[in-house]
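Input: a single structure, listed below in structure tokens.
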Amino acid sequence: MKIPEPYFSRLFKPFVFALALMPLVSLGLAAWQDKLGANPIEVITHSTGDWTLRFLLITLSISTLRRLINWGQLIRLRRMLGLYAFFYATLHLFTYLWLDQFFWWEDILADIIKRPFITVGMLAFVLLIPLAATSTNAMIRRLGKNWLKLHKLIYPITILGVLHFWWLVKADVREPFIYMAILALLLAERVWNAWRFKKQFLK
Ligand code: HEM
């Protein structure tokens, strides 16, 4: 599968960029129309958290999808989608720091230590920072092979993201279970692909 070059970079990529912005646009619209319900902070926290995890999984699914449907161009969307994960994670974190905790650092620190799901979420966010910081072409060139190694952090980050969600829901784990199942499938496909490649190579 292949979209002709000018259409891919001038139409398809900007379309995906705009689409990825929609969760924020719809949140902004709902806030503007006063439709966020009785607990707007909770709605914003949940929506930005959900989209962080979704974009992490979407980013991970690019390589799998590229192999499954043989669409090499998809890889050119991966960096943008990964940066969207970081963007929504930053909004999620700032909703917590600002709207939820009013930048009361003592309380925030106590919360990070006391509540395991916050500890895990914070760890996932901290690990995302070097990935976002090294996403430029210059950094990719400068880090060479180490860039690939560093960006493997996406795996523990996504696992921590799922764990964070799993830990915070009190009873109904259906939603985090779905995310975990998707992650497990994506990881299994990678293991299978590596095994297939090795077998072919050793033949
Ligand atoms: C990569 C990092 C992160 C991911 C993927 C993530 C994902 C999520 C998800 C999926 C939810 C649940 C949304 C729902 O119920 O629909 C959530 C909720 C939440 N997250 Fe995160 N999160 C991350 C980082 C953080 C950080 C750094 C903090 C704060 C330090 C944080 C604080 C919270 C809070 C307070 C909630 C709501 C808990 C509740 O409803 O009781 N998250 N997050």
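Note that ligands are numbered from 1 as they come in the structure, with each ligand's atoms numbered from 1 the same way.
Cluster partners of Trp195, by chain and number: Trp192. The rule joins Ile, Leu, Val, Met, Phe, Trp and Tyr whenever side-chain heavy atoms lie under 4.5 Å apart.
Looking at ligand 1, you'll find an N or O of Asp50 within less than 3.5 Å of one of its N or O atoms.
Heavy-atom contacts of Met122 reach the following atoms of ligand 1: 27 (C), 30 (C) (cutoff under 4.0 Å).
For the 3.5 Å distance criterion, the side chains of Arg196 and Asn193 qualify, holding a donor opposite an acceptor. For the residue pair Glu106/Trp104, the side-chain donor-acceptor check at 3.5 Å is not satisfied.
If you check which protein heavy atom lies closest to atom 41 (O) of ligand 1, you get Lys170 NZ, 4.3 Å. The protein heavy atom nearest to atom 2 (C) of ligand 1 is Ala124 CB, 3.7 Å. In this structure, the protein non-hydrogen atom closest to atom 15 (O) of ligand 1 is His46 ND1, 3.4 Å.
Under the ring pair (Phe, Tyr, Trp, His ring centres under 6.0 Å) criterion, the residue pairs touching residues 114-162 are Phe86-Phe125, Phe117-His164, Trp147-His151, with sequence neighbours excluded.
Atoms of the protein (N, O or S only) found under 2.8 Å from atom 21 (Fe) of ligand 1 are His92 NE2, His164 NE2.
Under the 4.5 Å side-chain heavy-atom criterion for Ile, Leu, Val, Met, Phe, Trp and Tyr, Val43 and Phe94 are members of the same hydrophobic cluster. Cluster membership check: Leu83 does not share its hydrophobic cluster with Leu53, using side-chain heavy-atom separations under 4.5 Å among Ile, Leu, Val, Met, Phe, Trp and Tyr.
Aromatic ring centres of Trp167 and Phe165: separated by at least 6.0 Å.
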Show which side-chain atoms of residues 31-39 pair as donor or acceptor with protein atoms under 3.5 Å away, not counting sequence neighbours.
{"unit_1": "Asn39", "atom_1": "OD1", "unit_2": "Glu42", "atom_2": "N", "d": "3.2"}
{"unit_1": "Asn39", "atom_1": "ND2", "unit_2": "Glu42", "atom_2": "OE1", "d": "3.3"}

